[in-house]
Amino acid sequence: MEAKRELRLAQVQRRRRDNMLASLSALVVVVLAVVLQLTTFVNNPTVAEMAAIEESMEVPSSSRAPTPGTSATATPSSSPSPSSARSTSAAQSPTAASAGKTNSGPVPPASLAAGQSFTGTIATNFGAIDVKLNGDKAPQAVSVFKTLAEKNYFKGKSCHRLTTGKQLKVLQCGSKNGDGASDPQYQWGPVENTPADGKYPAGTIAVARGSGEYSHGRQFFIVYEDSTIPPQTGGYTVMGQVTGGLDVVKEIAAAGIKPGSGSSTDGAPAGPVTIDSFTLN
């Protein structure tokens, strides 16, 4: 009898232990699930963060370091994003833009081009690209580039950035020193004539800029195949279109990115591109 009692007691204790272990295991699973969920929410970028990532990685910019831009972003920028500041050896990525809504430097008034259209040619070492700029839709941008063309600013300047990614296919030109960096002594705004849907058709000519509305400079980009730049970036000023010679830009793009640029889809063109002249009439 004593032996049976001890056996039953041992069985009861074993069942209790097993139940306790099962409960602990379930608790661990729940805790791990909660931790995993929290980790996922913490690590997933917000919409704003995604926009910032896309701007600095793919849009044209005006401030890039040797980033449809002016210096190193895989959307164009004066620092795709196109903006005036990007940071890689042949692209422009976003740079710090003016906090205020004012122009810096000898920026001509928008009235100079308001209501007018200008036609002309960008002559490069690869061939001529015919263009038309629309001062009715982007008066400030066209005024700036008409003035720069008249002063022969673009003579000898390079097209320092080529993007060949799925969403962004642009050739970016006009950097002061050929490295994609923006010029803080020459910045202007506002952003004009931006596509609400983020679609930039082949042949579009737009202005690279940094992260701010008044961070445009002297850089521009030509879209050689239909491209998309997320509207969350603030968009890029479309000032005109290519009317002839888009095949010249496509030829440049077909050669690809220069080896050593740091990216296979965003960097300096494989063959150096130089602007011989930029005329507008």
Side-chain angles (χ1 to χ4, degrees), residues 40-65 67-88 90-99 101 137-138 141 160-173 180 182 187 189-217 219-241 249 253 257 262-267:
T40 300
F41 283 126
V42 169
N43 290 337
N44 281 345
T46 63
V47 173
E49 290 170 337
M50 278 303 297
I53 291 171
E54 288 167 333
E55 181 178 23
S56 64
M57 292 300 292
E58 251 205 85
V59 289
S61 79
S62 287
S63 39
R64 175 190 178 84
T67 313
T70 299
S71 87
T73 124
T75 20
S77 72
S78 266
S79 123
S81 224
S83 66
S84 285
R86 178 186 177 83
S87 316
T88 78
Q92 233 174 300
S93 56
T95 62
S98 322
K101 293 187 175 183
K137 294 184 177 180
H160 63 279
R161 182 187 181 199
L162 174 69
T163 66
T164 60
K166 183 177 180 181
Q167 298 298 318
L168 187 70
K169 297 178 182 296
V170 306
L171 178 67
Q172 189 167 323
C173 315
S182 60
Q187 294 189 331
V191 176
E192 305 171 296
N193 193 34
T194 61
D197 59 1
K199 304 294 185 183
Y200 295 74
T204 296
I205 303 174
V207 186
R209 66 175 177 82
S211 58
E213 186 178 0
Y214 279 70
S215 60
H216 302 82
Q219 297 184 47
F220 65 94
F221 61 93
I222 299 173
V223 181
Y224 61 89
E225 284 188 25
D226 293 351
S227 298
T228 300
I229 300 175
Q232 295 94 324
T233 64
Y236 294 85
T237 295
V238 174
M239 63 176 176
Q241 60 277 333
V249 185
I257 307 295
S263 168
S264 61
T265 60
D266 190 345

Asks: Measure across Pro231 and Ala196 and return the closest heavy-atom pair with its distance rounded to 0.1 Å.
Replies: CG-O, 3.7 Å

Asks: Looking at every heavy atom in both Glu225 and Ala202, which two are closest together, and how far apart are they?
Replies: CA-CB, 3.8 Å

Asks: I'd like to know if the side chain of Asp226 and the backbone of Pro201 have a donor-acceptor N/O pair within less than 3.5 Å.
Replies: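 Absent.
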
Asks: Roughly how far, to the nearest 0.5 Å, is NZ of Lys169 from OG1 of Thr265?
Replies: 9.0 Å

Asks: Quick one: does any side-chain atom of Ser227 pair with a main-chain N or O of Tyr200 as donor and acceptor, under 3.5 Å?
Replies: no

Asks: Would you say His216 and Val191 make side-chain contact, with heavy atoms under 4.5 Å?
Replies: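 They are in contact (side-chain heavy atoms under 4.5 Å apart), so the answer is yes.
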
Asks: When rounded to the nearest 0.5 angstrom, what is the spacing between CD in Gln187 and CD in Glu213?
Replies: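 The distance works out to 13.0 Å.
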
Asks: Can any side-chain N or O of Ser215 pair as donor or acceptor with the backbone N or O of Gly210 at less than 3.5 Å?
Replies: yes

Asks: Less than 4.5 Å apart, any side-chain heavy atom of Pro195 and any of Val238?
Replies: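 Counting from C-beta outward, Pro195 and Val238 do come under 4.5 Å.
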
Asks: At their closest point, which heavy atom of Ala138 faces which heavy atom of Met239, and how far apart are they?
Replies: CB-CA, 4.0 Å

Asks: Just wondering, do Gln241 and Thr204 contact through their side chains at under 4.5 Å, heavy atoms?
Replies: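 They are not in side-chain contact.
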
Asks: What's the spacing between Ile222 CD1 and Leu162 CG if we round to 0.5 Å?
Replies: 11.5 Å

Asks: Is any side-chain heavy atom of Phe220 closer than 4.5 Å to one of Thr237?
Replies: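 No, every pair of side-chain atoms sits at 4.5 Å or beyond.
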
